[in-house]
Amino acid sequence: MASWDIILQGIESAVTLQNLFFLALSFFLGVIVGILPGIGPAAGMVLILPFSFNMDRTSAMILMSGVYLASNYGGSIAAILVNAPGEAASAATLLDGYPMTRRGRGAEALGISATAGALGGILGLVVLVFTAPLLASWALRFGPPENCLLALFALSVIAAIVKRNPIKGIVSACIGLILSTVGVDLISGDSRFTLGIEQFQDGIPFIQAMVGIFAISQVIILAEENRAISKVELAGSGLLAGFKTTFKYPLTLIRSFIIGIWIGALPAAGRSTASFMAYAEEIRAAKDKSQFGKGNPIGVIASEMGNNACAMGDLIPTLSLGIPGSVGAAVFLGIMIIFGVVPGYKVFIDHGKTIYGLFTAFFIENVLILVLGLTYAKYLAKITMVRNDIIVPFILIFSLLGSYSIRYSFFDLLLTSCFGLLGYFMNKYGYTPVPLVLAMVLGPMLEKNFQRSLIIGEGSYTIFFQSGISRVLVALSVVSLLYPYIGPVFQRLRRRERIHNPNPEK
Amino acid sequence: MKRRFLVNSFVVIVSIFSFLPVGAQEKYPSKPIYVNVGQGAGGSTDIIARALEPFLHNELKVPIVTQNMTGAGGDVVNNFIYKAKPDGYQLVMTALPSYIVRELIKKAPYKILELSFVYGIAGGDFNAISVPYNSPIKNFNDLKKRASEKMLSVSGVTQGSNSWYAYILLRETTGIKFKYVPYDSGTEAATAAGGGHVDLAITSIISAVQPVQNKLIRLIATFGDKRDPSYPDVPTMVDLGYKDLHFATRQGLVGPPGMSKEINATIANAAAKASRDPKYKEIADRQGFTIDPMTGPEFHQWAAGIHQQARKALTQAGEIK
């Protein structure tokens with residue numbers, strides 16, 4: 001912590017007319033970057049980097065901050081309204097956000113996204129300011145075995161998700177895991193399972209696949225219907241509907257926030273892992289799991305809270321240790337260094353003015369997300385009442401352009417279309433895409449750290465039981481895998497007791 | 001309904017494509033020049049290329065687009081440039097020796113030395129050995145002693161990278177065997193050492209700067225031919241008695257094979273001016289890379305030397321099958 005003097009100077013430097021202009025510009029750019037599938041926060045920041053070379057460092061940082069933060073919000077708008085994941089991390093938001101839209105609750109979902117997102121951002125900022133060095137040093141204790149087990153624990157939630165239809169769920173998870181192994185093998189450096197296709201050498205491109213599975217499959221479904229996206233003649237409710245709904249689930253908020261911040265602090269995982277893990281955790285915690293994927297507001301809250309808390313969490317190791325918490329944060333780190341802000345435990349003192357200026361900008365942007373998000377939700381949601389024959393071509397073109405623009409590859413258009421068909425048939429035959437996507441997000445983290453652990457442990461599995469953290473994670477995974485099947489047995493036993501002894505109190 | 005859907009689709013597609021410019025042949029350069037980078041956004045090669053963008057633009061007066069074409073340790077970008085049309089609109093910010101190492105060990109279909117070498121921009125970043133800050137290993141002698149007691153683990157970057165190449169050279173020259181733990185980037189590898197999960201890390205000095213400053217790791221030796229001015233206390237492997245154990249890394253612009261002399265000269269002149277710009281040097285200083293300009297032929301000659309050296313070393317190490 002720096003002295004109040006420096007903090008005030010930082011706040012002052014952020015609220016000059018010029019910097020507020022950059023802030024607004026950057027916020028706007030960030031939303032655009034977010035809405036377009038393909039350009040993520042990292043690519044967005046490097047695109048505007050050359051423009052910042054002639055600015056002073058506070059202005060430059062502020063120009064980057066909006067793209068870094070607001071892209072999450074923009075990504076969620078596209079995800080909720082038209083099922084197109086604008087960012088990799090918004091793929092978790094659409095799982096319940098879009099079904100809400102279909103049921104005429106689009107504006108409410110947007111409101112939830114803005115509220116939970118802004119709340120995650122602001123609370124994340126508080127944690128970043130007060131506990132960054134401490135959390136960063138804890139996160140360093142996660143080595144290959146711990147990261148591997150963390151991914152395993154997150155994947156074990158699939159047991160709960162697929163309980164209603166285990167075979168279909170496991171098929172979906174297996175497809176995801178198989179797809180996640182395509183690409184370069186970490187140890188040998190050789191390409192594997194690429195079918196000799198050059199474009200697969202770096203693995204199945206995630207965003208292109210997500211655009212296919214969610215947006216393109218939805219385009220086909222919508223084109224078959226003669227209606228609008230919103231099935232009822234209603235796009236949304238009052239101004240504060242989303243705001244109110246968000247605060248109905250305080251436990252969800254707390255859980256998702258902790259997951260988001262922690263995944264952010266870990267250098268090995270980024271925003272999409274955070275939002276999916278927060279989402280998965282809510283399914284695990286919920287009593288009635290059948291509502292997920294059908295427009296459960298809890299899903300949107302968890303994903304948005306996890307996502308935005310993680311955006312701030314990613315900056316914890318970045319600022320306090322100079323170790324980027326994610327790809328986006330890595331770009332941020334590079335830019336900071338270009339402007340002479342050398343990260344490290346002393347950054348809050350040496351560059352207090354710039355850092356607190358940056359934090360002020362983040363704070364204002366979060367407030368903007370909340371205010372604009374709530375105000376415009378109703379109008380944005382109107383798009384879902386436009387007839388399908390008008391809106392569908394736009395979604396199609398916009399999704400394909402997004403997928404194409406990532407690496408300017410026509411092959412990716414084909415890939416996105418194939419995943420579109422996969423998503424369409426999965427939907428038609430009742431396979432949920434959640435295990436597939438979860439496995440694609442976590443597969444590489446699981447496999448790479450599994451391999452690293454075994455190299456360090458010289459092939460012995462005991463390395464997975466060596467640290468206290470590992471043992472806790474193993475225990476949690478086992479419970480999480482077995483509980484959905486053993487839990488009901490216990491409940492039945494308890495119920496039987498109650499039947500034998502109907503009024504134990506009396 | 002279906003017909004209307006088709007008609008609307010058609011209208012949207014046509015209206016979008018009508019905005020795209022129609023190609024016309026003019027004097028070079030007359031359209032955007034793409035500088036492809038095999039590393040992800042934010043990596044050292046990426047920053048070198050992106051920082052160059054405005055300066056090249058000032059000279060060439062066309063948009064310069066830095067584009068990341070990641071994958072398979074550079075195979076993707078190298079395959080692309082090897083087959084690209086030599087019209088001067090597609091370039092690569094190459095990273096050596098890693099791409100040469102990759103070509104040799106993977107028997108890759110591309111040949112780095114056949115590319116058109118335009119201009120060498122940066123050089124003089126070396127790889128270094130670091131250990132966790134509280135490690136009992138304080139210097140290279142400690143490391144040797146420790147290694148004779150148990151097999152040490154070393155984190156580095158995927159096969160074919162500069163850091164992997166340094167590890168192979170170290171292994172072959174000193175005869176010490178390690179457990180090599182590959183990571184996706186040098187920063188991740190240095191972080192693994194910082195968290196005490198491996199005994200040592202071999203990464204570029206640039207990747208190690210932040211963890212070193214934050215007392216997470218310590219440098220114990222570098223692979224430079226002379227000591228790094230920022231770390232005068234850290235010996236080179238040459239100082240430690242391994243006189244052949246040194247190599248430098250270099251980044252520069254290359255184009256597809258067979259690029260015409262005129263086009264090559266146009267870009268080289270612009271790159272030469274850009275790399276002499278004090279503003280570019282300022283960015284380089286902060287970022288930790290060293291501008292070390294080399295003309296195309298010099299750059300090519302240097303690369304040919306590296307190629308020969310790497311082939312010999314990797315064959316001896318049994319890494320070229």
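Every chain is numbered from 1, with letters handed out A, B, ... down the list of sequences.
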Tell me yes or no: between the side chains of B/Thr158 and B/Ser161, is some donor less than 3.5 Å from an acceptor? no

Does any backbone or side-chain atom of B/Asp199 lie under 4.5 Å from a heavy atom of chain A? Answer side chain, backbone, both or neither. neither

Below 4.5 Å from any heavy atom of chain A, which atoms of B/Val65 appear? Answer side chain, backbone, both or neither. neither

Which atoms of A/Phe332 approach chain B - backbone, side chain, both or neither, heavy atom under 4.5 Å: neither

Given a strict heavy-atom distance threshold of 4.5 Å, which part of B/Tyr180 is in contact with chain A: side chain, backbone, both, or neither? backbone

Would you mind checking which part of B/Thr191 comes under 4.5 Å of any heavy atom in chain A, side chain (CB onward), backbone (N, CA, C, O), both or neither? both

Aromatic ring proximity, centroids under 6.0 angstrom, A/Phe410 and A/Tyr404: yes

If you count heavy-atom pairs within less than 4.5 Å of chain A, which of B/Ala51, B/Pro182, B/Gly195 leads? B/Pro182

Are a donor atom and an acceptor atom from the side chains of B/Asp125 and B/Gln251 found within less than 3.5 Å of each other? no

Checking B/Asn214 side chain against B/Leu216 main chain: does a donor-acceptor pair fall under 3.5 Å? no

For B/Lys179, what residues pass the side-chain hydrogen bond (donor to acceptor under 3.5 Å, both in side chains) criterion, not counting sequence neighbours? A/Glu458

Under a 4.5 Å heavy-atom cutoff, which of B/Thr187, B/Asp184, B/Val198 has the most pairs with chain A? B/Asp184

Under 4.5 Å to a heavy atom of chain B? For A/Arg452 that would be both

Determine whether a donor-acceptor pair (N or O, by modelled atom type, separation under 3.5 Å) exists between the side chain of A/Ser460 and the backbone of A/Gly457. no

